[in-house]
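One structure is given here, and the rest of the page talks about it.
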Number of protein chains: 2
Amino acid sequence: MSTKNKILDAADVLFADKGFNGTSLREITSQANVNLAAVNYHFGSKKELIKAVMSRYMDELSPQLESALSLICQAEQKPTLHEVFYAFIEPLLKLNEFKENGTSTFLQLLGRGYTDSQGFLRWFLTTQYPDVFTNFTKAVKIAYPELTTEEMFWRLHFTMGTIVFTMSSSEALIDIAQNDFNNKLDIAGVIERVIPYVAAGVAAPITNY
Amino acid sequence: MSTKNKILDAADVLFADKGFNGTSLREITSQANVNLAAVNYHFGSKKELIKAVMSRYMDELSPQLESALSLICQAEQKPTLHEVFYAFIEPLLKLNEFKENGTSTFLQLLGRGYTDSQGFLRWFLTTQYPDVFTNFTKAVKIAYPELTTEEMFWRLHFTMGTIVFTMSSSEALIDIAQNDFNNKLDIAGVIERVIPYVAAGVAAPITNY
DNA sequence: AGCTAGTTTAAACACCCGTTTAAAATAGCG
DNA sequence: CGCTATTTTAAACGGGTGTTTAAACTAGCT
């Protein structure tokens with residue numbers, strides 16, 4: 001395997017586990033059995049490495065999301081909110097075929113990116129992959145037209161937060177749940193439980209302030 | 001003001017803004033106009049300073065939450081889920097009287113603690129303030145008895161995630177919302193919008209897997 | 001084989017980190 | 001006041017950080 005890929009593989013596991021700031025280049029390169037200077041040679045800087053790690057997922061995910069969403073939007077029947085969310089979830093789960101534990105690792109990275117490094121990753125994603133968010137809001141708008149754009153803005157960010165936060169602490173939560181309820185669960189099981197929750201949240205009746 | 005409090009005040013603003021790992025003692029002490037060694041003199045270590053910052057909020061919050069929850073639980077009428085959540089929210093908003101921007105700063109710190117430093121803060125809070133969580137689950141159990149304990153476990157953690165995550169990125173989101181919708185909002189406005197969302201999520205109908 | 005372009009390597013760089021030290025300043029009290 | 005205990009200070013410590021350098025190595029190609 002190429003040095004570049006060895007670095008990417010080691011980096012995304014470590015980044016997901018310990019955060020971007022919490023992972024040093026020396027940890028990454030020694031995990032990847034690669035010389036320290038290789039990161040700066042192949043990627044230029046640590047920041048560019050972070051971008052590369054995220055882009056590997058986004059380049060796989062973004063077109064699949066786009067086609068899944070446009071499919072249900074162009075269907076003869078108006079989609080339900082559940083369908084919109086599942087359209088989002090399916091490509092997400094497919095990341096496990098693309099890479100081992102791809103789904104949870106990616107979502108953990110997303111969670112890291114929102115809190116680490118003062119929102120630089122949010123900037124990177126919204127400027128590099130703007131279609132993902134706008135397509136999703138379009139689909140929700142079709143499924144639930146009564147929702148004002150502003151209300152939807154907030155509810156989708158709440159949803160984003162729920163998903164990302166849940167996944168970034170999913171390992172710990174799954175551990176607790178297995179101890180307390182003797183119920184075996186994996187990441188897909190957590191997602192199955194979170195879907196009704198976020199769908200109900202987005203579909204909540206409109207209140208006046 | 002005492003050196004100890006100057007450090008605490010500077011620390012919680014910086015911790016909330018840049019995370020625990022992302023904030024150095026030198027930033028804190030120079031912001032507080034205090035000598036670098038004062039942190040280790042008064043608190044022993046950076047880790048103990050983090051605990052002290054969180055305890056200042058939790059010692060204020062914990063008893064108020066306890067009384068608010070026990071009040072609605074002992075009322076003659078069974079509380080609704082909305083009431084349970086508002087019982088939680090009111091003491092949270094009161095942190096603004098306790099300290100300027102106390103509410104959002106505290107929630108941001110909570111969010112940091114979940115992702116920074118590999119869950120050490122989660123351990124600290126659940127061992128030092130265990131009643132907060134158990135009282136809340138009791139109240140929800142009364143308001144929505146059909147929910148199994150396991151399902152509730154998950155939904156409450158989703159809720160925790162939604163709140164904490166939203167607050168930890170609330171500044172950025174409020175900025176975006178103000179640009180896009182010309183709608184002035186503060187942290188209380190965001191909370192007013194998130195309540196219907198999480199209440200609907202927790203109250204979502206039970207599905208079989 | 002010899003040359004070149006691409007890659008890997010060990011070492012060093014300058015800087016920031018949390019913590020410790022020992023001396024200086026301050027406060028409290030008999 | 002003089003003594004003691006507490007607090008503040010500047011300086012240094014050892015170690016980790018991302019990045020750069022220049023030399024060594026390794027293909028690939030004529």
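In this text, all values refer to a predicted model and were calculated from it rather than measured experimentally. What you see below is based on every heavy atom in this structure, not just the backbone, and it leaves out hydrogens, waters and symmetry mates. Throughout, protein chains are lettered first and strands after them, A, B, ... in sequence-line order, and every chain is numbered starting at 1.
Salt bridge absent: R155(B) and E150(B) never bring a charged side-chain N and a carboxylate O closer than 4.0 Å. Under the 4.0 Å criterion applied to side-chain N and carboxylate O atoms, K94(A) and E90(A) are not assigned as salt-bridge partners.
At whole-Å resolution of the value, NZ in K6(B) and P in dT9(D) are 8 Å apart. In this structure, the OH atom of Y41(B) is 17 Å from the C1' atom of dA10(D), given to the nearest Å. Straight-line distance from the CZ atom of F43(B) to the C1' atom of dG18(C): 15 Å, rounded to whole Å.
A sub-4.0 Å separation between OP1 or OP2 of dT17(D) and a side-chain N or O of S24(A) is present. Contact between the side-chain N/O atoms of S45(B) and the OP1/OP2 oxygens of dG18(C) is not found at any separation under 4.0 Å. Contact annotation: T3(A) side-chain N/O to dT7(C) OP1/OP2 distance is not under 4.0 Å. The phosphate of dT8(D) has OP1 or OP2 within less than 4.0 Å of a side-chain N or O from H42(B). For N35(A) and dT7(C), the shortest distance from a side-chain N or O to OP1 or OP2 is not below 4.0 Å.
At a threshold of 4.0 angstrom between heavy atoms, the contacts of S2(B) with the nucleic acid are absent.
Rounded to the nearest 0.5 angstrom, N135(A) CG and E66(A) CD are separated by 5.0 Å.
Side-chain contact of D12(A) with T105(A): a donor-acceptor pair under 3.5 Å is absent, judged by distance alone.
With hydrogens and angles ignored, no donor-acceptor pair under 3.5 angstrom links the side chain of R26(A) to the base of dG16(D).
Toward the 5' end of DNA chain C, the nearer of the two residues V34(A) and G44(B), judged by each one's closest nucleotide, is V34(A).
Considering only the side chain of A37(B), dA10(D) comes nearest among dA12(D), dT19(D), dA10(D).
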